[in-house]
Structure formats: C-alpha cells, structure tokens
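Just below is one structure, and these are the notes that go with it.
In this text the structure is predicted, and so the values were computed from the model without any measurement.
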Amino acid sequence: QVQLVESGGGLVQAGGSLRLSCAASGRPFGIYTMAWFRQAPGKEREFVAAIRWRSSSTDYADSVKGRFTISRDNAKNTVYLQMNSLKPEDTAVYYCASDKTPYSRTADRNDYTYDYWGQGTQVTVSS
C-alpha cells in the first residue's frame with residue numbers, strides 16, 4: 001500500500017516562507033518522479049512543481065518559478081517544497097503525487113501521470 005503524507009502547511013503572512021514535506025512509503029521511492037499540485041477554493045487542481053527520480057530535472061509552474069524550490073531526499077523517501085516570497089494567491093491545499101511510471105524521462109505537469117496522492121496540507125497566506 002503506497003502512502004504519501006504531507007506536512008508543513010499553515011498560516012503565513014505575505015512575503016513569508018513555508019517548507020512542505022511529503023513522506024512516501026509502500027514502494028521504492030527513488031525511481032519515481034514526484035510532484036506537487038495545489039487546489040484553491042472554487043478552482044481546478046493545478047501543477048506547481050515536479051522533480052525527476054534522479055533529481056536531474058525539475059519543472060515549475062510559471063506562477064511559482066523563482067520563488068518555490070522542489071527537492072528530494074531519496075534516502076529519507078521524502079520530497080520537499082520550499083516556498084518563499086509567498087503571496088495570497090498561493091493559498092490552497094497542496095498535494096504531493098507520485099508518478100505511475102518508474103524511471104520516467106520527464107517531470108510531467110499532467111495530473112493523470114500520477115497515480116498516488118497525499119491527503120493534502122493547507123497553506124494560507126494572509127495579506
């Protein structure tokens with residue numbers, strides 16, 4: 001049984017920082033691309049960032065590029081999302097996800113690429 005458990009969300013003022021973590025279990029972690037998505041109230045889920053299994057390739061949504069950093073520690077089975085210079089429009093539930101395919105050649109932005117999802121962690125940025 002694959003499990004993804006997010007943590008690190010909370011309430012922060014605009015301009016502040018948060019670091020999200022996603023701990024994975026149930027299958028080999030280091031061979032799958034991992035991603036973060038988010039969903040704001042009344043909006044569709046959207047891609048935030050992804051990192052390939054070897055950490056050699058990352059991808060970011062334009063809205064977070066330069067402010068957010070995705071990283072992973074394969075020894076700890078954990079993926080992180082460092083979020084700096086937070087804005088009120090970053091307010092959402094953030095989800096981590098694991099790719100369907102091991103050894104993927106790309107860090108995909110499409111949510112149908114991912115077959116396991118965490119329960120989500122709330123990030124609220126006040127103005």
Check for me, please, whether V79 and V2 land in the same ILVMFWY cluster - side-chain distances under 4.5 Å, paths through other members count.
yes

Treating Ile, Leu, Val, Met, Phe, Trp and Tyr as nodes and any side-chain heavy-atom pair under 4.5 angstrom as an edge, say whether Y80 and M34 lie in one connected cluster.
no

Are any side-chain N or O atoms of Y60 and backbone N or O atoms of I70, one a donor and one an acceptor, separated by less than 3.5 Å?
yes

Where K100 and D115 come nearest, the two heavy atoms and their spacing:
CG-CB, 3.4 Å

Going hydrophobic residue to hydrophobic residue with side-chain gaps under 4.5 angstrom, can you get from Y32 over to F37?
no

Quick one: is the NZ or CZ of R27 closer than 6.0 Å to the six-membered ring centre of Y116, and within 45° of its axis?
no

Give the C-alpha distance, both sets of side-chain angles, the deciding distance and a yes or no for salt bridge (charged side-chain N to carboxylate O under 4.0 Å, His left out) between K65 and D62.
CA-CA 5 Å; K65 199 171 293 184; D62 288 346; 3.4 Å; yes

Crowded around K76 NZ? As in, over 12 foreign heavy atoms under 6.0 Å?
no

For E6, does its backbone N or O pair with a side-chain atom of Y95 as donor and acceptor, under 3.5 Å?
no

What heavy-atom pair brings A92 and A40 nearest, and what distance separates the two atoms?
CB-N, 3.8 Å

Would you say L4 and Y114 are hydrophobically clustered, going by side-chain heavy atoms of ILVMFWY under 4.5 Å?
no

Same cluster or not: M83 versus F47, using hydrophobic residues (I, L, V, M, F, W, Y) connected whenever any side-chain heavy atoms lie under 4.5 Å apart?
no

Show the nearest heavy-atom pair for residues D90 and S85, with the distance to one decimal.
OD2-O, 4.5 Å

Tightest non-hydrogen contact, residues S104 and D99, listed as CB-OD2, 3.3 Å

Take V123 and L20 through the test side chain to side chain contact (heavy atoms under 4.5 Å, CB included) and record every step on the way to the result.
CA-CA 9 Å; V123 171; L20 305 184; 4.0 Å; yes

Check: A49 main-chain N/O paired with R109 side-chain donor or acceptor under 3.5 Å
no

Tell me the closest heavy-atom pair linking E46 and R38, and the distance in Å.
OE2-NE, 2.6 Å

Quick check: W36 with F68 (ring centres under 6.0 Å apart)?
no

Return yes if some donor-acceptor pair links the side-chain N/O of R19 with the main-chain N/O of G8 below 3.5 Å, else return no.
no

So, the side chain of N110 versus the backbone of Y112: is there a donor-acceptor pair under 3.5 Å, distance only?
no

Using modelled atom types and a 3.5 Å cut-off, is there a donor and acceptor pairing between side-chain atoms of T91 and backbone atoms of V125?
yes

Can you name the closest pair of heavy atoms from N84 and S17 and give their distance?
OD1-OG, 2.9 Å

